[in-house]
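One structure is given below, encoded as structure tokens.
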2 protein chains.
Amino acid sequence: MGSSKTLPRLDESLLSYLPQFMRLSRQDIRDILDQAVSRRFDADTVIFEEGAPAERFYLLLDGYVRVLRITKEGKRVILLHIQSGQLIGIARAIGRTEYPATAMTASECLALSWPMSLFDVFAEKYDGFINETQKAVGRRMNEMNTRIVELSSQHVDRRVANALLRLIDQSGREVGDGVEIDFPITRKDLSELSATTLHTVSRLMTAWERDGIVKSSRQRIVVRNPRKLAELGHVDKTKQPPIR
Amino acid sequence: MGSSKTLPRLDESLLSYLPQFMRLSRQDIRDILDQAVSRRFDADTVIFEEGAPAERFYLLLDGYVRVLRITKEGKRVILLHIQSGQLIGIARAIGRTEYPATAMTASECLALSWPMSLFDVFAEKYDGFINETQKAVGRRMNEMNTRIVELSSQHVDRRVANALLRLIDQSGREVGDGVEIDFPITRKDLSELSATTLHTVSRLMTAWERDGIVKSSRQRIVVRNPRKLAELGHVDKTKQPPIR
DNA sequence: CCTCAAGTTTGTTGAAGCGCAAACAACCTA
DNA sequence: TAGGTTGTTTGCGCTTCAACAAACTTGAGG
């Protein structure tokens with residue numbers, strides 16, 4: 001289970017490089033930190049649940065978080081991945097009083113949180129906060145749009161390829177022979193991201209491993225040849241119907 | 001082509017019942033209207049295009065608008081339907097300087113528009129404007145999430161059923177023997193909403209027509225038995241796996 | 001009234017990919 | 001080190017649906 005504490009005193013450098021807080025004075029950042037609760041979460045732990053009253057909002061300091069929904073049939077659908085430095089649970093920014101989806105850690109995580117009532121205070125008081133937050137909302141919306149387009153128009157292999165590309169783009173870590181996804185990820189997770197089954201993902205991965213595009217072991221994926229993967233993901237049908 | 005004019009003087013009642021403007025004084029509304037450009041659009045006309053600089057934002061007074069993207073292969077994917085009373089092109093509200101998608105009229109439309117620079121002015125000056133706008137963003141985000149979940153987890157027939165249900169919910173008009181979708185809609189449109197082909201939609205429609213669930217003619221769809229359609233759309237598998 | 005374009009229906013075919021099942025491999029902990 | 005748990009691979013059958021094709025319907029415009 002995660003542990004919750006406010007001590008020792010949080011260092012100001014935690015926030016001072018994040019776009020939301022960049023323009024603030026040392027004192028403002030100090031105030032913000034002094035009101036925060038810091039907490040560690042184990043991997044695969046629910047931070048907040050869809051439909052629950054949105055009581056707090058979080059800043060992910062370290063680790064990765066998945067935003068997901070669970071269908072009536074109990075099937076998980078991953079909507080987004082969030083990396084450190086990002087705010088989550090900002091229901092207030094989109095005029096909601098309940099969390100619209102579930103947030104679950106993908107790896108061990110460290111997060112600060114504040115009561116939602118402070119969101120309005122921050123928005124009012126701190127220059128750039130609301131603006132950067134809106135930008136973040138915009139980016140996520142854009143990612144969702146892209147997902148919808150992908151799901152609607154592309155075949156499984158492309159969807160999986162694109163999901164992988166997005167993951168290494170957002171949370172890739174350079175390793176000796178390629179770029180590794182920086183948190184444990186299973187075939188099942190990938191299938192929940194790309195709307196297919198773990199079986200199909202597994203088949204694709206072995207095929208790509210044979211071609212030297214990826215290398216994977218249990219819960220670890222290294223993309224050795226992002227270029228080639230991108231070719232699979234992007235569409236380069238020579239015939240491009242005019243947009244009439 | 002659409003015509004553009006500022007005369008005759010717009011009536012205040014156009015705005016005074018909309019949530020964004022509800023709390024405002026007569027004078028404020030007058031000011032807002034005096035800065036607006038009013039314009040009529042024919043059906044199937046582009047209002048603004050994805051990627052273009054977001055120079056104006058719009059308030060749809062009458063008609064229906066589709067928000068869509070076009071894939072590299074030239075395939076259209078409809079992201080949302082917008083009904084009258086809603087703002088569109090509010091890129092600014094999500095921190096963007098370009099329109100993230102294309103807006104196209106689904107029927108003849110009437111819209112007011114303002115230069116984007118006024119967005120910040122409205123947000124600052126008029127109580128409730130930014131709040132209601134954020135709520136609208138939240139609703140659209142929610143709809144997108146639902147789309148993603150649907151596309152990821154449901155079969156074609158359910159997706160089409162749900163798309164229809166959403167359409168009659170958002171823009172249904174009571175007619176003698178059911179609820180009609182209030183704007184011209186083709187099988188192709190429906191297929192672009194539910195990620196399938198017009199052929200499959202056609203087959204489903206004829207099957208449902210045989211069952212008395214819908215009635216359709218060219219570009220017109222009447223849902224006679226929403227209840228039954230909802231049964232098709234909702235999932236009522238008795239076995240509900242635990243959410244472990 | 002005729003023509004044409006746009007939308008719709010219907011049939012046929014093939015393959016993608018899902019469900020199911022079983023075996024296997026890696027890791028965890030007792 | 002044994003035993004259990006969790007993740008992964010692989011094969012096979014079968015359903016679903018997209019692709020292709022072609023005829024038909026409807027409505028608009030001359």
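Computed from heavy atoms alone, side chains included, the values below leave out hydrogens, waters and symmetry copies.
- Residues B/Q170 and B/E143 bring a donor and an acceptor atom of their side chains to less than 3.5 Å of each other.
- For the helix from C/dC1-D/dG30 to C/dA30-D/dT1, the rotation axes defined at the first and last 5 base pairs enclose an angle of 40°, given to the nearest 10°.
- For the pair A/F57 and A/M116, the minimum side-chain heavy-atom distance is below 4.5 Å.
- A/T186 and A/D189 share a side-chain donor-acceptor pair at under 3.5 Å.
- Proximity of a side-chain donor or acceptor of B/D211 to a complementary backbone N or O of B/I213 within less than 3.5 Å is not detected.
- Inspection of the A/R187 and A/T197 side chains reveals no N or O donor paired with an N or O acceptor under 3.5 Å.
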Contact pattern, 5' to 3', of nucleotides 23-30 of chain C - B, S or - by protein heavy atom under 4.0 Å: --BBS---

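- Using modelled atom types, one finds no donor on one side chain facing an acceptor on the other under 3.5 Å when comparing A/R203 with A/T200.
- Here B/K215 does not pair with B/E209 in a salt bridge; the nearest charged N to carboxylate O distance is not below 4.0 Å.
- The stretch residues 189-201 of chain B comes close to DNA chain C through B/L198, B/H199, each having a heavy atom under 4.0 Å from the strand.
- Contact of A/R220 with D/dG7 (side chain to base): no donor-acceptor pair of N or O atoms is detected under 3.5 Å.
- Residue B/S202 places no side-chain N or O under 4.0 Å from the OP1 or OP2 atom of C/dT10.
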